[in-house]
Amino acid sequence: MTATTPTTVPTATADPTVLHAPVIDWFDKNARDLPWRRPDANAWGVMVSEFMLQQTPVSRVLPVYEEWLKRWPRPADLAAEAPGEAVRAWGRLGYPRRALRLHNAAAAIAERHGGDVPTDHHQLLALPGVGEYTAAAVASFAYGQRHAVLDTNVRRVFARAVTGTEFPPNATTAAERKLARMLLPEEPRTAARWAAATMELGALLCTARTPACGRCPIADLCAWRRAGSPAHAGPPRRTQTYAGTDRQVRGKLLAVLREATAPVPRLLLDRVWGDPEQRARALNGLVGDGLVERLPDGRYRLPGAG
DNA sequence: AAATCGTGGTA
DNA sequence: TTACCAAGATT
């Protein structure tokens, strides 16, 4: 009579909770052994990993993460350093403003939260560099709380398994948030497990380019597969250009300053890019962002760092 | 709310 | 080789 009749073939669209057991079971057997998932990882470690993993692959984060926590095992340790040291230690992870924000977040934690990463979702959201995803991730992974964790992996898994499209919308929508909340298991620990499991599924099997449906634990429940794996129909996904942009120039300038052991003369920075106008714009932008400091003598360095 | 912000691996 | 893609946040 209705779609919920017991004889109906289960689909993730009709009853998304059928996904819970197979996905979590798959995660139990296939989860990567990542340092921020180990029992000795604390909330600070989880938070550091989340900052570094914003738009940066796991493989490149791993070595920097280890060094970072060895050097600054607690938020107060980082807060006590010059921000430029954080920028330097960030290395080539990209988007170096994250390093600055992590430093600022550590300072806020030291001042406002007694040195401990806050457990409250709202307090997490108030920290610099912590947005919707990161707040939910820290609350969930570090503290076992029940939050919808919507990253690019989870959004893609839900788009395929439940919605039946190859890719999610360009920007996170209210419908996606609602779906993620509906899918969240009731038990907080199970919800946290589910969050990590769906992310891992998206990262390892349900990938953007060539999903490994043959090994996917929910392939037979997947709405996208059931529809015949139709090609992406929506608006083209935004793609970023890089060559020739201010971003590239900023990267080159910052690379020089990261390697330098003393303040750098302007002439040395001028060599990284031909166009003087774009070069100046990039350098001024870095100074405005607080990533670079201009000394009274006209030389430049990472902020507060020798 | 669309644009901006790095970097390197991969198909 | 070029284009895509990677645990987003901010303005």
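By convention in this document, chain letters (A, B, ...) are assigned in the order of the sequence lines, proteins followed by strands, and residues within each chain are numbered from 1.
When each of dT10(C), dA7(C), dT4(B) is scored by its nearest atom to the side-chain atoms of Arg97(A), the top-ranked nucleotide is dT4(B). Ranking dA9(C), dC5(B), dA6(C) by closeness to the Arg101(A) side chain, first place goes to dA9(C). In this structure, the nucleotide among dA7(C), dA9(C), dT7(B) sitting nearest to the side chain of Gln54(A) is dA9(C). Across dG8(B), dC5(B), dA7(C), the shortest atom-to-atom separation from the side chain of Arg60(A) is found for dG8(B). The listed nucleotides are dA7(C), dA6(C), dA9(C); the one nearest the side chain of Asp151(A) is dA7(C). Proximity note for Thr56(A) (side chain, C-beta onward) versus dT7(B), dA7(C), dG6(B): the nearest is dG6(B). Checking dG8(C), dC5(B), dC5(C) against every side-chain atom of Arg247(A), the shortest atom distance belongs to dC5(B). Considering only side-chain atoms of Tyr95(A), the nucleotide from dC5(B), dC5(C), dA7(C) that sits closest is dC5(B).
Atom OH of Tyr300(A) and atom CG of Leu257(A) lie 10.0 Å apart (nearest 0.5 Å).
In this structure, Thr152(A) reaches the sugar-phosphate backbone alone: every heavy-atom distance under 4.0 Å involves primed, P, OP1 or OP2 atoms, never a base. Across all strands shown, Gly131(A) has heavy atoms under 4.0 Å from sugar-phosphate atoms exclusively, and none from any base. Residue contacts shown for Phe51(A) are absent, as no nucleic acid heavy atom lies under 4.0 Å away. Residue Trp36(A) is classed as a base contact, given a heavy-atom separation below 4.0 Å to a base. At a threshold of 4.0 angstrom between heavy atoms, the contacts of Leu254(A) with the nucleic acid are absent. Contacts of Val130(A) with the nucleic acid, taken as non-hydrogen atoms under 4.0 Å apart, involve only primed sugar atoms and P, OP1 or OP2. Residue Glu132(A) is in sugar-phosphate contact alone, with no base atom involved, counting any heavy-atom pair closer than 4.0 Å across all strands shown. Residue-level contact check: Ala208(A) touches the backbone only, with heavy atoms under 4.0 Å from sugar-phosphate atoms and none from bases. Using a 4.0 Å heavy-atom distance criterion, Arg156(A) is classed as a sugar-phosphate-only contact. Among the atoms of the strands shown, base atoms are found under 4.0 Å from some heavy atom of Leu34(A).
In this structure, Arg98(A) contributes its side chain and Leu93(A) its backbone to a donor-acceptor pair below 3.5 Å. Counting only distance, with no hydrogens or angles, the side chain of Glu66(A) and the backbone of Pro35(A) share no donor-acceptor pair below 3.5 Å.
Looking only at side-chain heavy atoms (C-beta outward), Met52(A) and Arg60(A) stay at 4.5 Å or farther from each other.
By the 4.0 Å N-to-carboxylate-O rule, Arg266(A) lies close enough to Asp270(A) to be salt-bridged with it.
Comparing Leu93(A) and Thr210(A) against DNA chain B, the residue whose closest nucleotide sits nearer the 5' end is Leu93(A).
For dA2(B) and dA7(C), the P atoms lie 23 Å apart once the distance is rounded to whole Å.
Listed in residue order, the members of residues 167-185 of chain A having a heavy atom less than 4.0 Å from DNA chain C come to none. Listed in residue order, the members of residues 257-277 of chain A having a heavy atom less than 4.0 Å from DNA chain C come to none.
Of the options Tyr65(A), Trp68(A), Tyr95(A), a ring-ring contact (aromatic ring centres under 6.0 Å, His included) to Trp90(A) is made by Trp68(A) and by none of the others.
Judged by distance alone, the side chains of Ser229(A) and Glu166(A) never bring a donor and an acceptor atom under 3.5 Å apart.
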Notebook entry, point to check: Could you walk me through whether Arg112(A) and Leu127(A) pass the side-chain contact (heavy atoms from CB on, under 4.5 Å) check?
Noted result: CA-CA 10 Å; Arg112(A) 307 205 295 259; Leu127(A) 296 172; 3.7 Å; yes
